[in-house]
Amino acid sequence: MEIAHPYLLFFGDVQDNLAAKTGLGIVDWRKDWCLGQVRLEGCKADSGLPDITPEYAVKSGAKTFVIGCVNAGGVLPEHWVESIIHALEAGLDVASGLHMRLEDVPAIKEAAQRTGRKLFNVRLNDQTFPTGQGTKRTGKRLLAMGTDCSVGKKYTALALEQGMRAHGYDTSFSATGQTGVFISGRGVALDAVVADFIAGAAEYLSPDAPENHWHVIEGQGSLFHPSFAGVTLGLLHGSQPDAFVVCHEPTRTKMRGVECPLPTIQQVIDATMTLGKLTNPGIRCIGIAVNTAALDEKEAKEYVSKLSREYNLPATDPIRFGVEPIVLRLSEEFGAP
């Protein structure tokens with residue numbers, strides 16, 4: 001799957017930035033690929049890009065209209081269809097990270113056929129995968145785990161890949177969600193893989209590699225989230241991590257979208273160690289990544305310092321403060337590159 005850029009991002013009428021994290025993630029990591037945004041009345045998400053029409057975007061060189069937002073269940077709201085057809089008729093391909101195929105909407109399918117434009121369903125991969133085998137693979141792997149969903153696992157993995165590379169490590173980012181696929185150009189959206197094959201897909205994403213190569217793997221969900229724990233466990237077993245980082249958002253008291261209380265960082269460390277040993281007995285935690293966006297600078301520094309002392313692990317906000325402490329711990333635990 002090769003999706004042409006530059007992109008025009010579509011945010012529909014979503015009510016917060018978390019619902020627009022696909023598009024916002026693309027802007028954060030591939031801003032040079034993004035020309036503008038389209039928002040419907042009432043939209044509360046904003047990437048900071050100019051609000052432009054599909055026609056203007058095409059004249060400016062845009063190639064693909066990216067649906068950069070999701071709603072509950074990942075379905076396409078009926079009132080978004082008109083905007084998608086508009087983009088096709090303006091001359092743009094359309095790429096979606098939703099759980100349904102664009103061509104399942106007859107009007108969109110007809111418009112794509114009529115205009116000769118392409119439809120990309122990034123979350124729905126036609127590739128088949130074997131079941132996970134748990135066989136030890138060469139190379140090394142680092143996985144981002146979370147106390148909840150939407151706490152920064154993707155950003156942490158991308159920041160660690162960059163930080164490790166700056167320190168001389170041979171690394172690659174393995175995308176496991178639709179936003180990561182848009183950012184990296186390859187990957188598999190694991191939440192759309194049939195359950196029996198999630199571990200096998202994770203093995204496919206982090207294959208045998210030279211012993212000094214690190215696959216840095218985007219995490220999904222949380223082992224403690226009643227909606228997504230199955231995906232998280234399959235990813236953990238299939239990715240076979242040597243090291244993991246726990247990602248956390250400090251202001252939450254319950255898990256996103258449900259009434260379940262948030263687990264502690266220690267509970268996540270313990271569960272990941274216990275369950276991860278099935279496919280890698282040497283698994284270990286090397287740090288804590290904190291999303292401190294809701295804290296001011298002083299509060300953020302005090303909080304990560306407190307966690308470092310409490311868990312005897314490097315703690316940092318990868319975006320605000322960088323990943324240097326975690327990369328140094330990685331060097332101590334596994335050796336310099």
Side-chain angles (χ1 to χ4, degrees), residues 1-15 17 19-27 30-127 175 177-189 191-193:
M1 184 182 295
E2 293 189 14
I3 301 171
H5 54 82
Y7 298 149
L8 173 62
L9 303 177
F10 176 69
F11 292 119
D13 53 357
V14 297
Q15 295 303 295
N17 279 348
K21 68 176 185 175
T22 295
L24 298 179
I26 298 169
V27 173
R30 294 289 186 267
K31 190 172 184 178
D32 56 321
W33 291 5
C34 304
L35 293 181
Q37 64 183 8
V38 172
R39 298 183 294 166
L40 301 180
E41 184 177 353
C43 181
K44 291 184 172 62
D46 189 357
S47 68
L49 295 170
D51 291 285
I52 60 177
T53 65
E55 289 82 2
Y56 184 87
V58 170
K59 290 179 181 178
S60 302
K63 303 297 183 185
T64 305
F65 186 74
V66 174
I67 300 174
C69 50
V70 296
N71 63 351
V75 298
L76 179 66
E78 187 174 345
H79 64 283
W80 290 4
V81 172
E82 182 180 351
S83 298
I84 295 169
I85 293 174
H86 183 183
L88 290 166
E89 291 176 339
L92 293 167
D93 295 337
V94 176
S96 166
L98 299 174
H99 280 286
M100 60 177 289
R101 295 185 184 276
L102 290 166
E103 52 268 37
D104 287 344
V105 179
I108 293 175
K109 181 178 180 179
E110 186 278 328
Q113 291 173 339
R114 171 166 45 84
T115 59
R117 308 314 309 177
K118 297 177 182 177
L119 300 176
F120 296 98
N121 300 291
V122 175
R123 201 178 217 138
L124 303 175
N125 197 304
D126 292 329
Q127 184 170 346
Q178 72 275 14
T179 309
V181 174
F182 280 124
I183 291 169
S184 69
R186 70 177 298 273
V188 177
D191 58 2
V193 175

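Please read all numbers here as calculations on a predicted model, not as lab measurements. The residues of the chain are indexed from 1 along the displayed sequence.
The shortest non-hydrogen separation linking L35 to P6 is CG-CB, 3.7 Å. Minimum heavy-atom separation, L124 to L98: CG-O, 4.4 Å. L40 approaches S83 most closely through the heavy-atom pair CD2-OG, 3.5 Å. Nearest approach of A90 to P54, heavy atoms of both residues: CB-CB, 3.6 Å. Residues L8 and A57 come closest through the heavy atom pair CD2-CB, 3.8 Å.
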Test side-chain contact (heavy atoms from CB on, under 4.5 Å) on V66 and H5 and set out the steps.
CA-CA 10 Å; V66 174; H5 54 82; over 6 Å; no
Test side-chain contact (heavy atoms from CB on, under 4.5 Å) on L24 and F11 and set out the steps.
CA-CA 9 Å; L24 298 179; F11 292 119; 4.2 Å; yes
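To the nearest 0.5 Å, atoms NZ (K59) and CD1 (I52) are separated by 11.5 Å. We find the SG-CD1 distance between C34 and I26 to be 6.0 Å, quoted to the nearest 0.5 Å. Distance CD/Q178 to CD1/I183: 10.0 Å, rounded to 0.5 Å. One distance of note links CZ of F65 with CD1 of I85; it measures 11.0 Å at 0.5 Å rounding. Going from atom CZ of R39 over to atom NZ of K44 covers 11.0 Å, rounded to the nearest 0.5 Å.
The backbone N or O of I67 sits nowhere less than 3.5 Å from a side-chain atom of S96 that would complete a donor-acceptor pair. Side-chain N or O atoms of Q37 include one that pairs as donor or acceptor with a backbone N or O of S47 at under 3.5 Å. Using modelled atom types, one side-chain atom of Q15 and one backbone atom of D13 make a donor-acceptor pair closer than 3.5 Å.
For the side chain to side chain contact (heavy atoms under 4.5 Å, CB included) with T115, the lone residue among L92, L88, D93 that qualifies is L88.
Using cut-offs of 30° and 60° on the angle between ring planes, the pair W80 and F10 is perpendicular.
Residue E103 qualifies as enclosed at atom CD: its count of foreign heavy atoms under 6.0 Å is above 12. The environment of CD in E78 is sparse: at most 12 heavy-atom neighbours from other residues, nucleotides or ligands sit within 6.0 Å.
Taking 4.0 Å as the cut-off between side-chain N and carboxylate O, R123 and D191 count as a salt-bridged pair.
Residues meeting the side-chain hydrogen bond (donor to acceptor under 3.5 Å, both in side chains) test with T179, sequence neighbours left out: T22.
Counting only heavy atoms from C-beta outward, the side chains of I108 and V94 never approach each other to under 4.5 Å. Two residues are said to be in side-chain contact when any heavy atoms from C-beta on lie closer than 4.5 Å; V14 and C43 meet this criterion.
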